[in-house]
Amino acid sequence: MVIGIKAYILDLKSEGEDKIKMTLRDKSFQEAHDTLQPYFYLEPEKKGHKTDIEKIPGVIKVEDYEDSLGQKLLKITVDHPGRIPEIRTKMHAYGVNREHDIPYHFRYLIDKALHANTYYDFELDNGMVKGAKKTSLGSPKLNMCAFDIETHSEKGVFPDPKRDPVLMIAYKDDKEEKVFYWQEGKGTEKEMILAFIDKVKTEEIDVLVGYNSAGFDLPYLKERAKKLGVDFDLSRDGSDLHITKGAFPRATMYGRMHIDAYNGVEFLSYIGALRLPKNDLESVYKAFLGKDKIDIHYDDITTFWKAGGEKLKKLIQYNKEDARAAYEIAERLLPLYNELSRLIGLPISDVSRMSPSQMVEWYLTRKAFERNEVIPRKPSSEEIKKRQQRPIEGGFVKLPKRGIHEHIAVCDFRSLYPSIIISHNLDGHALNCNDCTEKEKHHSPAGYSFCSKKQGLIPQILEELINARIGAKKEMKKHKQGTHDYDVLQAKQWGLKILANSVYGYLNFAMARWHSREAAEATTSLARFYIKDTIEKAEKAGFEVLYADTDSAFLLLKNKSEVKRAKEFIEKINKSLPGLMELEFEGYYPRGLFVTKKEGGAAKKRYALIKEDGTVEIKGFEFVRRDWSNIAKITQEKVINAVLKEGKPEKGIKIVKDVIKDLRAGKVSLEDLVIYTQITRPLSSYEAIGPHVRAAQRLIEKGEKIRPGSVVEYIVTEGPGNIGEKSWPKQLLGNRKPDMEYYIKNQIIPSVIKILAELGVTEDELSKDERQKSIAQWFS
DNA sequence: TAATTCGCTAGACCGA
DNA sequence: TCGGTCTAGCGAA
């Protein structure tokens, strides 16, 4: 029987020989099947292998294949996707494998031109897909829930699912917040787990979110379920929850997308959309809910659970807040992942675990298929090492003019690297073309030239991404803020921006299939050319250029009315720029501050600007760095504000002196003295034991887990030895007293001195009236 | 197994 | 104890 349904592919997997099973979702959901004969390519070492290869068990067909790049290959069709690993190993005798490492369900979506999470009119014949036509329906709305578990724990012992039960499971969706729990004599752990599974199923949850749930909650629940004889079946087809352990843990269940919000937070931090002191649940909760999460030490969880009454209530609340924090982060992430999934065309569960580079690579893979280009191999480890040897030259940074300046116009190139790549067709395959004359080619200062006739894959996808983003932004204007359509478009343009911004980095990334050193060098060399050219032209036009970094230039104006002249200058530049390249007027700033380095000379990448409405933008200074104490940061912010708003030295001096006084009087909270620093490698591989490493060692001695990525929070205390010896983790501070003189001398003074120096404040002035004469020596 | 380069600064380390 | 050099982290773009 043939039926037609409007639905989207939520999930899919391989099933048997040449079959794909998929979950089609609309208001309900339904299982469907399709076929795709698995295949891969071989770059043959020499001709004449064909007949040998045909004899290999599992090989169905061997054909000559030439793609649109002129690559002459053998296309090897096999009977079963699961056989590819075995067959491709045998192929080493005949040549080099190509496209042998594309997961079968990705292969299916790419070859059939189907995008996950996108509505199609499917024609199904007894559950087999007979046709799929794209509809005009927009983004699907997925049912999402967050969850979190609390487990029994003995003092100082990490919970072990072989021994310690799960006490509670918090659940939150868009309708309710609920905590499943049991107590001795009231219910059982088994019933609780079953009730949770039942909840996920009855709510038809499509997206299950936890925090570190791939590494902890789901493996833990699975293990407990096994012990209790419960079928821990969260999937939509009765298949098992699949757990992959290791440095990058994964948990997958067919038919439901699992998102680990921890990956999401790392992703958002990575692309610069989120900056938290550390990427833990507490920081997420505070950033999103604006208040601190209830604090219960994990040693006390079982005690609270047993105690009942108010304590139990508090534990329930604690558990709820964990789920709530995961939910908050997921609410921001899901629309983005949904759009990225639609763009790249792969399921959310896969996309949510990808780095921006991987996203670019899979996007390119799909587009390469459309162009009939067999994709490049992954580089070997030797090739990767070779690529990493000599770094390419990056952006140009102009030495700024130090001091406090008035009337600054900032202009910057819109999407500089992408627009250069598109306008000059920078692409590994467009390099050294034979179709263009020297004159026709795009030339770069790096010495490489590129075809001007046939657009390369990289410039093509960049152009598509940028145009799609312009389209999405235009479309956004037709919708009211806060509506579903608006939010979807917002997420879409964000996803497009992430992809477009990642392409250059991808090009220069050693592990990239489409790595092109030449294209990357051409990109940065042209970027240096354009910014230097702009600086030169600005100076010729009579502007003093205060500073420039990669894609932006700061023009010093004589007065505010010169803004018009600056805009005219920008327009003139734009007339000379090729293709999509555009210089934009970013803003007018009445005042700006550039300081000198510690070693003298003006400092790059550190400045502060104030807008007409009084908002201050601070770049590079300690204020924006997490590895400085809050007291130093807020003092610096106040001083910068005072300098930019009033420009009088007295106020700045007073701010600093007051803080010093407060520190000596013990009026500063401990929280404001904490320094956050990340541990980036196993402790044993540090050559220099800095304060954060010393503090981490102390945590390890107490049995805490410190891994690369852990953020240590430490305070410098009074006592003998170097600063490291004096550094104690916040948790282990005990009776130790913070070393206030350290905070004055090594935190407050260095963070303000270069700023106040621009107002003519000298070391002596700052130390005047101070009871301790020794202050002067700090500035020596 | 998953973007790079440019730049600043603190604090350890090391030899005189 | 001093100063130079190196290691390490993090931010700007």
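Below, read A as the first sequence line, B as the second, and so on, with proteins coming before strands; counting in each chain starts at 1.
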Residue A/Lys598, side-chain atoms from C-beta onward, closest of C/dA12, B/dT9, C/dA13: B/dT9
Sugar-phosphate, base or nothing in reach of A/Thr680, heavy atoms under 4.0 Å: sugar-phosphate
Base of C/dC10 paired with side chain of A/Arg625 (donor-acceptor, under 3.5 Å): yes
Selected nucleotide, minimal atom distance to A/Tyr742 side chain, candidates C/dA8, C/dG11, B/dG11: B/dG11
Sugar-phosphate only, base, or nothing, as touched by A/Tyr607 at under 4.0 Å among non-hydrogen atoms: sugar-phosphate
Touch class at under 4.0 angstrom, heavy-atom based, for A/Glu599 against every strand present: nothing
Stepwise side chain to side chain contact (heavy atoms under 4.5 Å, CB included) check, A/Gln358 with A/Arg353: CA-CA 9 Å; A/Gln358 284 170 301; A/Arg353 287 188 278 257; over 6 Å; no
Exercise: do A/Asn279 and A/Glu266 side chains pair donor with acceptor under 3.5 Å: yes
Sugar-phosphate, base or nothing in reach of A/Ile384, heavy atoms under 4.0 Å: nothing
Sugar-phosphate, base or nothing in reach of A/Phe621, heavy atoms under 4.0 Å: nothing
Short side-chain donor-acceptor distance under 3.5 Å, A/Ser283 and A/Asp280: yes
Touch class at under 4.0 angstrom, heavy-atom based, for A/Asp412 against every strand present: nothing
Nucleotide B/dT9, atom P - distance to CD of A/Gln747 in whole Å: 14 Å
Any N/O donor-acceptor pair, A/Tyr270 side-chain to B/dA3 base, under 3.5 Å: yes
Any donor-acceptor N or O pair under 3.5 Å, side chains A/Glu701, A/Gln697: no
Sugar-phosphate only, base, or nothing, as touched by A/Gln358 at under 4.0 Å among non-hydrogen atoms: base
Minimum-distance nucleotide (side-chain atoms of A/Ile723 versus B/dA2, B/dG11, C/dG11): B/dG11
Residue A/Lys597, side-chain atoms from C-beta onward, closest of C/dC10, B/dT9, B/dA3: B/dT9
Proximity to the side chain of A/Glu393 - top-ranked nucleotide from B/dC6, B/dA12, C/dC10: B/dC6
